[in-house]
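The chains referred to below are lettered A, B, ... by the order of the sequence lines, with proteins before strands, and numbering in each begins at 1.
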There are 2 protein chains.
Amino acid sequence: MTSKDSKTTSDRIVTRPDLKELARHLGLSQTTVSRVLSGSAKNHRISSETEQRVLAAAAKLNYKANVLARSLRSKRSKTVGVMVPEISEGYSTAVLGGIEEVLLLSGFFYFVVSHRHRTDLLREYPSLLLSRAVDGIIAVDSTIEEDLPIPVVAVSDHHHRPSVVNIELDHLLAARYALDHLTRLQHREIAFIKGQSFSSDTLARWRAICKVAAELGIEINPRLVIQLEDHGLGTEPGRTATIALLERDVRFTAIFAFNDLAAIGAITVLREAGIQVPAQVSVVGFDDILSAATNNPPLTTVRQPLQEMGRVAASTLLQMIHTEKQDWSTHPIRLLPTFVERQSTAWAPQASEAAFSDSAHPHKESNLQGN
Amino acid sequence: MTSKDSKTTSDRIVTRPDLKELARHLGLSQTTVSRVLSGSAKNHRISSETEQRVLAAAAKLNYKANVLARSLRSKRSKTVGVMVPEISEGYSTAVLGGIEEVLLLSGFFYFVVSHRHRTDLLREYPSLLLSRAVDGIIAVDSTIEEDLPIPVVAVSDHHHRPSVVNIELDHLLAARYALDHLTRLQHREIAFIKGQSFSSDTLARWRAICKVAAELGIEINPRLVIQLEDHGLGTEPGRTATIALLERDVRFTAIFAFNDLAAIGAITVLREAGIQVPAQVSVVGFDDILSAATNNPPLTTVRQPLQEMGRVAASTLLQMIHTEKQDWSTHPIRLLPTFVERQSTAWAPQASEAAFSDSAHPHKESNLQGN
DNA sequence: CTGAAAGCGCTTACAG
DNA sequence: CTGAAAGCGCTTACAG
C-alpha cells in the first residue's frame with residue numbers, strides 16, 4: 001500500500017491501490033489482472049476462477065483504473081467534446097441533457113466548451129479538444145471548419161461534409177405545421193422573424209418556409225421579413241426586431257418567429273403597442289422552451305425534440321467511435337418536430353378589427369421608445 | 001513526421017508532431033523543449049535564443065502537447081469535475097456559465113456530471129471523477145458525503161466541513177428583502193412554499209425566513225407553510241403545492257415561493273381558481289430566471305447572482321488547487337442577492353386592511369435597517 | 001491459460 | 001545552460 005501521502009484529515013478518504021499492487025496482492029501478473037478488468041478476459045481464455053478472484057479483489061480494495069494511463073496507452077479515452085454556443089441557454093442545455101443521458105450509460109465523460117460565437121474560439125476548440133484526446137466531438141449549433149481525425153456529429157449544422165454526420169430537424173415539416181395552422185385560421189399577411197446570422201438553423205429553416213409558403217400559395221412580403229440581430233440576450237433581439245417591424249407600418253395578422261424567445265419578445269412589444277395577441281395578431285414560436293407554456297398567452301409553437309436530438313447525436317457518435325469506417329457521407333439523420341397549439345394564435349381578424357386597419361393605427365411609439 | 005496514418009480525406013487534417021519529433025527537428029533534447037513549452041524555462045535558465053527557437057518551431061509545426069501524457073506524469077490534469085443535479089435546468093446552467101468563464105481562461109477543462117438526485121450516482125461520481133484525475137470538484141447544489149483527496153468547492157451546500165469551501169447566498173438578506181417588501185405592502189397573512197427536500201438551500205433559506213419573520217413581527221402560520229414535492233418538473237411542483245394550499249382554506253394575501261418556477265406555477269393555479277395576482281394575492285419568487293421577467297405578470301423576485309457564484313466557485317477552486325494547504329475550514333463565501341420588484345406584488349387587498357385595525361398606510365421605513 | 005517486457009508521450013529528478 | 005534516463009499507470013504485441 002502506498003500510504004506515505006496525505007495527512008489524512010479523515011479516515012473516510014479513499015485509498016486506492018494501483019494495478020501493480022492489486023496484482024501483487026493476488027499473486028498474478030499485471031497483464032492478467034488488466035485483462036480481466038478491461039473486459040477482455042474472454043479473448044484470452046482466462047479461467048473463470050481467476051476472473052472471479054480478480055473481480056472480487058478489485059471490488060474489495062476499491063481499485064479504479066487510472067483513466068489517464070489507460071487512455072494514453074490504448075488511444076481511447078472514453079471522453080468526447082461537446083461544443084455549444086452558450087452554456088447557460090435553453091437550446092444547448094436541452095440537447096446536452098440528451099447527450100449526457102446516453103454518454104454516461106456507456107461510461108463516457110464529456111468536456112463542454114462554449115464559444116459564444118467568437119470565431120477564434122470556434123477555430124481553436126476542436127484542436128484543444130484533440131490535445132485532450134477526445135474520441136469524438138459533438139457540435140451543437142456550431143460549425144467546425146477543419147476536417148478532424150476523429151468522428152464528428154453536428155446537431156443543427158448544415159454544412160454537409162464526408163467526415164461529419166448531421167442531426168437535423170425536418171424543417172419542411174416544421175414549416176408546414178406552422179404555415180398550415182396559420183392558413184387554416186385565415187391568415188394571409190404573415191410576418192416572419194428570421195434567426196440570427198450566426199445560427200446554423202437560420203438558413204435551412206428559412207428555405208423550408210419559402211418552399212412551403214409557395215406550396216400553400218402564401219405570398220411572402222419582403223417588407224414583413226425581418227432578421228434577429230446578432231447581439232442581445234434573451235427576448236431582446238425579438239423585441240428589437242418587432243419594433244422595427246411595426247415601424248415599417250405594413251399590415252400583418254400573424255408572426256412566425258424563429259424561436260420562442262423571439263416570439264415572447266414580440267408579444268411583449270405588441271402588447272406595449274396596444275395590439276392584442278391573439279385577437280389582433282397571432283404569434284407562433286419555435287422550440288417549445290419552458291417559458292413557452294407559462295407565457296401569457298401560452299405560446300403556440302413548433303416543438304423541436306431537443307433531448308432526443310442530443311440522444312441521437314450521442315449514440316451516433318458512439319457508433320462511429322466503435323467502428324473503423326472513415327467515410328460518413330450518409331444522409332443527415334432527420335428528426336421530427338411536433339406542433340403545440342396553445343393560445344397565442346387565433347382566427348385572423350376581420351379587416352375592421354385588425355390592428356392595422358386604416359382607422360386603428362398601431363403607432364403608439366411612446367411606449368416603444370427608450371428601451 | 002509520422003505520416004503513415006489515416007488515409008487523408010482532406011489535406012486540412014491537422015498533422016501534429018509529438019515532443020520527440022519536435023526535439024529532433026530542433027536538434028535539442030526533449031527535456032529542453034519540454035521545459036520551454038511547459039513554461040518552466042526561467043527555472044532552468046534556458047537561453048532566450050533557444051526559447052525563441054522552440055516557441056517558433058512549436059507554433060510552426062502546430063505542436064500541441066498530449067494532455068494525457070502530461071497529466072499522467074505531472075499529476076495535474078488541468079481538469080475539474082462539476083456535479084450538478086440536472087444539466088437541462090436553469091439554476092445549474094447559470095452557475096455553469098460562470099464556472100466556465102473562469103475555468104477556460106486558465107486553460108482548465110471540465111467534466112459535467114448530473115446525478116438527478118439519485119443517491120447511487122451522488123456516491124459514485126466523486127470516485128469516478130477521481131479516476132479521471134480531476135484536480136478538483138465543484139458541487140452545485142449537491143452534497144458530497146466522503147472526504148476527498150482533492151479540493152472541493154460547494155455552491156449552495158450547507159454541510160460545513162474542513163475539506164470543502166462553501167459558496168452561499170446571504171439568505172438572511174434575501175429573506176429580509178422579500179419579507180420587508182411584503183410587510184410594507186401591508187401583507188400579514190403570508191403563505192410560504194418551501195423547497196424540495198433534496199435541495200441544499202431548502203433548510204438554510206427556511207431558517208433565514210423564520211429568523212427575519214420573527215424580527216419583523218410576522219407570525220408564520222404553519223397551515224400556510226407547504227413544501228414542494230420531490231418529483232415533478234418545471235412548474236409542476238409549484239402547482240401541486242398551491243393547489244394543496246388552497247384546499248386548506250386558510251386565508252392569505254401573499255405567497256413567498258422557494259423559486260421562480262414554483263412562483264409561476266402558483267400564479268397559474270391562482271388564476272385558474274379565479275384569484276387575481278397581484279390584486280388579491282401577491283407572489284414573490286426566488287432566483288430571477290429568464291421566465292421571471294417574461295411571465296404574466298412579471299415576477300417580483302429575489303435575484304441570486306448565479307453566474308457570479310459560479311465565477312467565485314471556480315476561482316476559489318483554482319486557488320485551492322494551486323496551493324499546498326490542506327485545511328480549508330474557512331467561513332463560507334457569502335454572496336449578496338438583489339431584489340427585483342416587478343408586477344406580481346401589490347398592496348394587500350382592502351378587506352385585510354379592514355380586518356386589521358391599523359392605519360391605511362405602511363410605514364415608509366428606511367431600507368433594510370438592522371441586520 | 002498466463003506472463004515479461006515494451007511503450008503510450010510526456011515531465012522530472014539527477015547530473016554536469 | 002542542457003541532456004540522458006527513469007517513470008507516471010496502464011495495455012498490448014509477443015511468447016509459451
Between A/His158 and A/His160, how do the two ring planes meet: parallel, tilted or perpendicular, split at 30° and 60°? tilted
Side chain of A/Ser47, heavy atoms from C-beta onward: which of C/dT2, D/dT2, D/dT11 has the nearest atom to it? C/dT2
Candidate list B/Val80, B/Leu103, B/Leu104, test side chain to side chain contact (heavy atoms under 4.5 Å, CB included), partner B/Phe109, passing option: B/Leu104
Residue among A/Val82, A/Val134, A/Ile150 satisfying side chain to side chain contact (heavy atoms under 4.5 Å, CB included) with A/Leu129: A/Val134
Taking for each residue the nucleotide of DNA chain D with the nearest heavy atom, is it B/Ala69 or A/Leu37 whose nucleotide lies nearer the 5' end? B/Ala69
Whole angstrom value for the distance that separates [atom2] of [N] from [atom1] of [X]:
X	N	atom1	atom2	answer
B/Leu68	C/dG9	CG	C1'	9 Å
B/Glu21	C/dC8	CD	C1'	14 Å
A/Arg73	C/dC10	CZ	P	15 Å
B/Glu49	D/dT2	CD	P	8 Å
B/Asn66	C/dG7	CG	P	18 Å
A/Arg53	C/dC1	CZ	P	15 Å
A/Arg132	C/dG9	CZ	P	18 Å
B/Lys64	C/dC10	NZ	P	13 Å

Quick one: is [X] getting a side-chain N or O under 4.0 Å of the [N] phosphate, OP1 or OP2?
X	N	answer
B/Tyr63	C/dC10	yes
B/Thr50	D/dT2	yes
A/Lys75	C/dG9	yes
B/Arg70	C/dT11	yes

A/Ser47 and A/Thr50: side chain to side chain donor-acceptor pair (under 3.5 Å), yes or no, with the steps? CA-CA 5 Å; A/Ser47 75; A/Thr50 304; 2.6 Å; yes
Can you name the closest pair of heavy atoms from [X] and [Y] and give their distance?
X	Y	answer
A/His159	A/Asn166	O-ND2, 4.0 Å
A/Ser200	A/Thr143	OG-OG1, 4.4 Å
A/Ser142	A/Met83	OG-O, 3.7 Å

Base-pair map of DNA chain D as dot-bracket, where | denotes pairing with a different strand and pairs are Watson-Crick or G-U under 3.5 Å: |||.||||||||.|||
Apply side chain to side chain contact (heavy atoms under 4.5 Å, CB included) to residues A/Tyr63 and A/Leu19 and explain how you reach the verdict. CA-CA 8 Å; A/Tyr63 172 79; A/Leu19 189 64; 3.8 Å; yes
DNA chain D-proximal residues of residues 25-35 of chain B, any heavy atom under 4.0 Å: B/Leu28, B/Ser29, B/Thr31, B/Thr32, B/Arg35
Flag the pair B/Tyr110 / A/Phe111 as yes when their ring centroid distance falls below 6.0 Å, and as no otherwise. no
